[in-house]
Amino acid sequence: MRTLIIVWLGQIVSIIGSSMTGFAFTIWVWELTHQATALALFGFFAQVPQILIIPIAGVIVDRCNRKYLMMVGDTVSGLLTITVLLLYITHNLQLWHLYLAVGVKGTFQQFQTLAFSASVSMMVPKQQYSRASSISFLASSSSTIIAPALAGALYAVIGLVGILMIDITTFAIALLTVLLISIPQPPMTKVGTRSWTSLKQDINFGWRYVAVRPSLLAMLLLVLLFVFGHKFAESLVTPLILARTGNDTKLLGALYSAEGLGGIIGALLVAVRSSFQPRIHAVLLGMVGVGLSQTVFSLGRVPLIWFAAQFFSSLNFPIMGSADDAIWLNKVKPELQGRVFAMRSMVMPISSALASLIAGPLADRVFVPAMKPDGTLAPMLGWIFGTGGGAGMALLYVISSLSMLVVGLGGYAFRVLREVEIILPDHDASAE
């Protein structure tokens with residue numbers, strides 16, 4: 001796992017820088033607008049371009065050098081951050097500039113993410129797939145515990161300019177790391193060496209591959225439903241906490257750090273134990289754990305409950321995600337993973353875009369007014385959620401949390417999903 005760890009070390013530095021910038025952006029936008037919709041639209045504009053580019057990205061990942069694609073992703077992200085910095089210091093930065101920047105950045109990061117995920121099976125043996133996936137979660141969780149706390153403390157000292165400068169430096173480090181190592185390429189098969197005139201067939205390849213495998217299709221639908229509920233709730237976290245605490249950015253940063261700590265512990269559990277068997281139980285029970293934890297979070301009104309609930313919610317994601325990744329890595333041949341994983345990757349941006357588009361306006365226009373002291377729902381639910389700032393968003397949050405719980409438990413009702421590892425052979429056990 002040496003090559004994988006080297007790539008991980010470079011990427012974690014870059015992820016921390018990007019996360020600090022993202023956190024600083026949310027503070028800046030909230031101070032500018034005080035609207036949940038403005039924050040939720042960040043998620044929407046980041047995801048929609050990815051939906052359009054993912055099918056083509058999968059074909060390109062299977063046909064091009066994956067190392068170079070990762071380098072392009074880091075380079076474009078760095079250039080976009082420089083552009084935002086120049087707009088800000090010249091007093092020309094507007095909200096639509098940020099929406100455009102996150103959209104373009106998300107598009108090129110999709111190439112980077114697909115290239116990396118499709119390279120994992122070439123860098124480590126199949127027995128290490130779960131551990132390899134846990135390393136990715138460890139990277140994202142480490143950034144979650146470090147970045148918000150740093151950004152929350154530094155925002156008042158060095159401002160948005162200083163944080164953007166840190167982000168630019170981290171992109172350079174990540175780019176240099178990838179440049180200095182060798183990432184193995186999969187063997188080129190007949191499918192992989194077809195001419196570019198077959199692009200249309202290759203774009204549809206991932207969908208056809210999954211469509212004739214009902215168990216993979218069921219896993220895809222399961223994740224789509226879960227991600228929708230999770231991203232819906234995630235869109236409300238920042239405005240909910242800022243509204244409940246009177247714009248306490250340090251507490252918000254500490255809350256994200258608690259989330260990151262939970263993710264690190266979960267990733268370490270996977271790294272030590274390798275994987276739960278069968279893996280599908282880790283996926284379904286992880287969803288149940290997230291649903292329960294986030295339900296407690298939405299009902300809490302004090303930091304101690306928020307910290308504990310966020311910690312236990314985040315603990316489940318590496319366990320759940322690494323098991324899901326390992327199932328796909330075991331069932332799909334390496335030379336086909338770019339196109340198949342591209343189709344799989346479309347689930348998250350589609351769900352995230354819809355959730356972000358709905359959550360903000362629904363909170364601002366329906367639930368927040370309904371939970372004010374004179375609102376229609378306040379007499380019935382005010383004793384649970386209160387009637388002050390954030391009460392309406394807390395109610396909406398608990399609804400999305402319960403939906404995740406239902407999705408996880410409901411997965412056990414379908415044999416095609418419950419026995420996915422029995423029904424589908426591993427890619428090296430039979431001819432495709």
Original post:
Which of parallel (below 30°), tilted (30 to 60°) and perpendicular (above 60°) describes His281 and Tyr412?
Top reply: parallel

**OP:** Determine whether Ile280 and Val283 make a side-chain contact, defined as any pair of heavy atoms from C-beta on separated by less than 4.5 Å.
**Re:** yes

Original post:
What is the minimum heavy-atom distance between Leu236 and Met393, and which atoms define it?
Top reply: CD1-O, 4.0 Å

Original post:
Do Arg415 and Ile423 touch side chain to side chain, with heavy atoms closer than 4.5 Å?
Top reply: yes

Original post:
With under 30° as parallel and over 60° as perpendicular, where do the rings of His230 and Phe226 fit, or are they tilted in between?
Top reply: parallel

Pairs under 3.5 angstrom only: tabulate donor-acceptor contacts from the side chains of residues 398-411 to other protein residues two or more places apart or in another chain.
residue : atom : partner : partner atom : Å
Ser400  : OG   : Tyr397  : O            : 2.7
Ser401  : OG   : Gln294  : O            : 3.3
Ser401  : OG   : Tyr397  : O            : 2.9
Ser403  : OG   : Ser400  : O            : 2.5

**OP:** Would you name the heavy atoms of Arg301 and Gly382 that are closest together and state the gap between them?
**Re:** NH2-O, 3.8 Å

Original post:
Would you call Phe171 and Leu80 a side-chain contact if the rule is heavy atoms closer than 4.5 Å?
Top reply: no

**OP:** Mind listing the closest non-hydrogen atom pair of Ala359 and Ser235 along with its distance?
**Re:** CB-CB, 4.0 Å

Subject >> Side-chain heavy atoms of Phe312 within contact of Leu292, under 4.5 Å >> reply: no

Original post:
Can you name the closest pair of heavy atoms from Leu315 and Gly266 and give their distance?
Top reply: CD1-N, 3.4 Å

**OP:** Check Val366 against Pro369 and note the closest heavy-atom contact, atom names and distance.
**Re:** O-CD, 3.4 Å

Subject >> Beyond-backbone contact of Met165 with Ile158, side-chain heavy atoms, under 4.5 angstrom >> reply: no

Subject >> Check: Ser313 side chain, Ala309 main-chain N or O, donor-acceptor pair, under 3.5 Å >> reply: no

Subject >> Pairs satisfying ring-ring contact (aromatic ring centres under 6.0 Å, His included), at least one member in residues 359-385, at least two apart >> reply: none

